[in-house]
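When a ligand or atom number is given, it counts from 1 through the structure's own listing order. The shown structure was predicted, so the numbers you read here are calculated from the model rather than taken from an experiment.
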Amino acid sequence: MPHTLHDPRISILARNIEVDDLASQAITDVVNARADARLGLATGSTPIGVYDRLAAAWRDGKVSFSQVHTFNLDEYCGLPSTHPDSFAFYMWHHLFGRTDFDPGKINLIAGDAADPTAEARRYGERFARQKCDLQLLGIGENGHIGFNEPGSPAEGRTRVVRLEPSTRAANQKTLRVLKETPESAITIGIADILQAKSIIVIAKGPAKAEAVRKAIKDRPNSTCPASFLRYHPDVHWMLDADAAGLLGAQA
Ligand code: PGA
């Protein structure tokens, strides 16, 4: 069946902290509208400021996350949730441990599962039973969303993937303990991501500008997996001026 292409909403913010403000406000609004909202969450350096603001909003009594269900996008293979370089650890450090999220409603991928393929199936089935009210995404310099690297199909489901050398190099900077980024991961697929009711993509800095341009301007194609977001009717790109630098006057 041919897909309909949609134009996303694009917000270009002068300062990158305004990206954090806008994204955290959007998440807070969703949770205040539906206390048991389903949130799809991302890791990486870009969302840290968003999570800081969500923690502050909770401290200030502006929102409660106690009934919210969360689903993370991806996880490195081989790392237990207690490992400082796991995305599970990241989530507890930056968000869950600073707020009132209910551990029973937090869904994370078991990176250290003995059978990663079976874990991908388990998590994918659980994810597919929920429809996220809001999916938060970053974008890789190579255009990936989650760990759907270039070449990933729009129909892709949750699975074990090998990471590109460029992704491993980019993520090297954020490692706390490991010397090298793991070679493989489990990621939610693009088809899973597109099930969300609404999607926010945040990007900051000039290194993201080309991927952002391709995702928004090119016809959807697997060399830039984020371009498949054009198939979704409710995508909001929240960009700082540098990340939006190649979009031209139209944006
Ligand atoms: P970053 O990663 O936020 O660390 O740049 C984004 C991504 O790879 O999705």
Closest approach of [X] to [Y] (non-hydrogen atoms, all atoms of both residues):
X      : Y      : result
Leu79  : Ser86  : CD1-N, 3.8 Å
Ala42  : Met91  : O-SD, 4.0 Å
Glu210 : Leu246 : OE1-CD1, 3.4 Å
Ser66  : Lys105 : O-CD, 3.9 Å
Gly189 : Asn148 : CA-OD1, 3.7 Å

- request: Kindly indicate whether the side chain of Leu163, heavy atoms from C-beta on, has any atom under 4.5 Å from the side chain of Tyr76.
  value: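 Yes, their side chains come closer than 4.5 Å.
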- prompt: Do Thr46 and ligand 1 have an N or O pair less than 3.5 Å apart?
  reply: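 Thr46 vs ligand 1: N/O contact under 3.5 Å present.
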- request: Return a yes/no value for Ser45: is any of its N or O atoms, backbone included, closer than 3.5 angstrom to an N or O of ligand 1?
  value: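 Between Ser45 and ligand 1 (N or O atoms, distance only) the closest approach is under 3.5 Å.
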Under a heavy-atom criterion of less than 4.0 Å, does [X] contact ligand 1?
X      : result
Lys204 : no
Glu141 : no
Thr174 : no

- prompt: For atom 5 (O) of ligand 1, which protein heavy atom lies nearest, and how many Å away is it?
  reply: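 Protein heavy atom with the smallest distance to atom 5 (O) of ligand 1: Lys208 NZ, 2.6 Å.
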task: Among all protein heavy atoms, pick the one closest to atom 8 (O) of ligand 1 and tell me residue, atom and distance.
output: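 That would be His144 NE2, 2.6 Å.
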query: Any idea how Tyr231 and Phe228 line up, ring-wise: parallel (<30°), tilted (30 to 60°), or perpendicular (>60°)?
result: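 Tyr231 and Phe228: tilted rings.
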query: Under 4.0 Å from ligand 1, counting heavy atoms only, is it the side chain of Ile139, its backbone, both or neither?
result: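 For Ile139, only backbone atoms sit under 4.0 Å from ligand 1.
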query: What are the atoms of ligand 1, with element, lying closer than 4.0 Å to any heavy atom of Gly44?
result: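 Listed by number with element: 3 (O), 4 (O).
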